[in-house]
Amino acid sequence: MNFTFVTLPLALSLVAVLPGMAQAVEIPVSDTHTVQQSSEYALSTKDFFPEKTPTESNYIEAESPADAVAKMDKMDELRKAGFNVGAMAKVNYGPCKIVAAGFHTRKSGNYSTGGFKSTTYCTTKVTAIKHSSQARFKRLAWWVKGGPDISQSAQKIKAGKHNGTYYSAVFEQTNHALSCKSAKKTTWSGRALGTIVYKGKTYYADAYAPVQKGVPCRL
């Protein structure tokens with residue numbers, strides 16, 4: 001897929017050792033860059049999912065969304081060529097990762113709404129965390145955009161556990177919910193885009209929700 005100034009590329013890879021512990025520089029959450037997702041209606045499987053699609057990715061430093069695009073595209077090129085991305089990509093990694101969970105019908109919506117959660121977890125405190133999630137469902141050979149992009153910012157970043165491990169900062173996007181028009185079984189996925197501010201610098205990451213077949217939710 002081709003991306004513009006306001007979109008992130010399709011994927012990152014799990015390729016770096018996270019930095020050591022340090023204190024974050026306090027700057028307003030409003031200074032966080034917002035990265036919008038692609039507004040294309042339908043994408044082929046090849047266009048929507050990159051090779052070796054990750055459900056979990058490292059954050060990388062970028063001066064702007066456009067800079068993030070250029071760096072992530074370079075990482076994708078190296079990966080597809082079979083190179084060790086961690087050794088060759090000239091990028092700075094933040095102290096966080098983002099992971100996306102599978103799309104499901106939500107108990108909080110009496111199982112008549114569907115969505116997926118995404119989590120950012122960090123080895124040290126950060127100033128700000130924001131997620132924007134987009135769901136897509138499979139229709140024949142195409143992945144169709146399911147509803148609007150839904151964003152959520154961490155009002156207060158707290159320490160906590162992720163998969164049983166304690167981290168200095170954990171934020172989970174919990175407001176991703178779409179109204180199901182019927183309970184017809186459908187194949188779903190999606191993408192979560194994350195932005196963090198750490199020591200006055202901005203970092204970006206994206207991760208894909210694993211494909212879930214037979215979810216009783218059709219828009």
Side-chain angles (χ1 to χ4, degrees), residues 1-3 6-14 34-58 72 76 79-80 97-121 129-154 160-165 170-195 204-219:
M1 186 199 311
N2 294 323
F3 290 89
V6 292
T7 60
L8 279 177
L10 288 176
L12 294 175
S13 177
L14 290 171
T34 298
V35 181
Q36 299 297 327
Q37 302 200 53
S38 171
S39 60
E40 294 180 62
Y41 180 72
L43 299 171
S44 68
T45 296
K46 181 179 179 181
D47 288 333
F48 181 57
F49 290 104
E51 295 181 17
K52 300 179 182 179
T53 300
T55 58
E56 180 174 310
S57 299
N58 293 292
M72 294 182 196
D76 284 342
R79 187 180 304 108
K80 291 177 182 179
K97 293 183 181 181
I98 186 172
V99 60
F103 187 98
H104 59 282
T105 54
R106 301 189 55 163
K107 182 178 180 180
S108 59
N110 197 29
Y111 301 104
S112 62
T113 62
F116 68 97
K117 295 180 180 180
S118 56
T119 304
T120 286
Y121 56 99
I129 304 175
K130 182 175 182 178
H131 287 192
S132 177
S133 295
Q134 178 191 102
R136 295 218 175 215
F137 63 92
K138 192 73 176 291
R139 181 172 291 172
L140 298 177
W142 299 92
W143 286 94
V144 181
K145 186 175 179 181
D149 300 349
I150 299 174
S151 298
Q152 186 176 8
S153 297
K161 288 186 176 182
H162 175 69
N163 289 340
T165 300
V170 177
F171 170 65
E172 182 179 65
Q173 182 178 359
T174 57
N175 69 337
H176 192 271
L178 305 170
S179 296
C180 306
K181 293 182 179 179
S182 75
K184 186 174 182 179
K185 293 184 178 180
T186 305
T187 298
W188 283 91
S189 181
R191 182 176 60 166
L193 305 180
T195 305
Y204 304 89
D206 64 350
Y208 283 74
V211 175
Q212 299 291 307
K213 298 180 179 179
V215 179
C217 178
R218 173 64 64 88
L219 299 186

Check: Can you tell me how far the CD atom of Q173 sits from the OG1 atom of T120, to the nearest 0.5 Å?
Finding: 9.5 Å
Check: Under 3.5 Å, is there a donor-acceptor pair between the side chain of N175 and the main chain of S151?
Finding: yes
Checklist line | Pairing residues for R218 by the side-chain hydrogen bond (donor to acceptor under 3.5 Å, both in side chains) criterion, not counting sequence neighbours | finding: T186
Notebook entry, point to check: About how many Å separate CZ of R191 and CD of Q134, when rounded to the nearest 0.5 Å?
Noted result: 6.0 Å
Next item on the list: Output, in order, the C-alpha distance, side-chain angles, deciding distance and verdict of side-chain contact (heavy atoms from CB on, under 4.5 Å) for V211 and K138.
Entry: CA-CA 10 Å; V211 175; K138 192 73 176 291; over 6 Å; no
Notebook entry, point to check: With sequence neighbours excluded, what pairs up with E172 under the side-chain contact (heavy atoms from CB on, under 4.5 Å) test?
Noted result: K117, T119, T174
Atom pairs and distances, donor-acceptor, side-chain atoms in residues 176-183, under 3.5 Å, two or more places apart:
{"residue": "H176", "atom": "ND1", "partner": "F116", "partner atom": "N", "Å": "3.4"}
{"residue": "S182", "atom": "OG", "partner": "K184", "partner atom": "N", "Å": "3.4"}

Notebook entry, point to check: Nearest 0.5 Å, what's the OG-CG distance between S118 and L193?
Noted result: 9.0 Å
Next item on the list: Could you go through the side-chain contact (heavy atoms from CB on, under 4.5 Å) check for I98 and F171 one step at a time?
Entry: CA-CA 9 Å; I98 186 172; F171 170 65; over 6 Å; no
Next item on the list: Report the distance from atom CZ of R136 to atom OG1 of T45, rounding to the nearest 0.5 Å.
Entry: 11.5 Å
Check: Nearest 0.5 Å, what's the OG1-NZ distance between T113 and K107?
Finding: 13.0 Å
Next item on the list: Starting at CZ of R139, measure out to OG1 of T187 and round the result to the nearest 0.5 Å.
Entry: 12.0 Å
Notebook entry, point to check: So Y121 and E56, side-chain contact (heavy atoms from CB on, under 4.5 Å) or not? Walk me through it.
Noted result: CA-CA 11 Å; Y121 56 99; E56 180 174 310; 2.7 Å; yes
Margin query: Run the side-chain contact (heavy atoms from CB on, under 4.5 Å) test against V215 and tell me which residues pass, sequence neighbours left out.
Written below: F103, T105, W188, Q212, C217
Item checked: Donor-acceptor contact present, side-chain S133 to main-chain I150, <3.5 Å -> no
Next item on the list: Given side-chain contact (heavy atoms from CB on, under 4.5 Å), test S44 with W143 step by step and report yes or no.
Entry: CA-CA 6 Å; S44 68; W143 286 94; over 6 Å; no
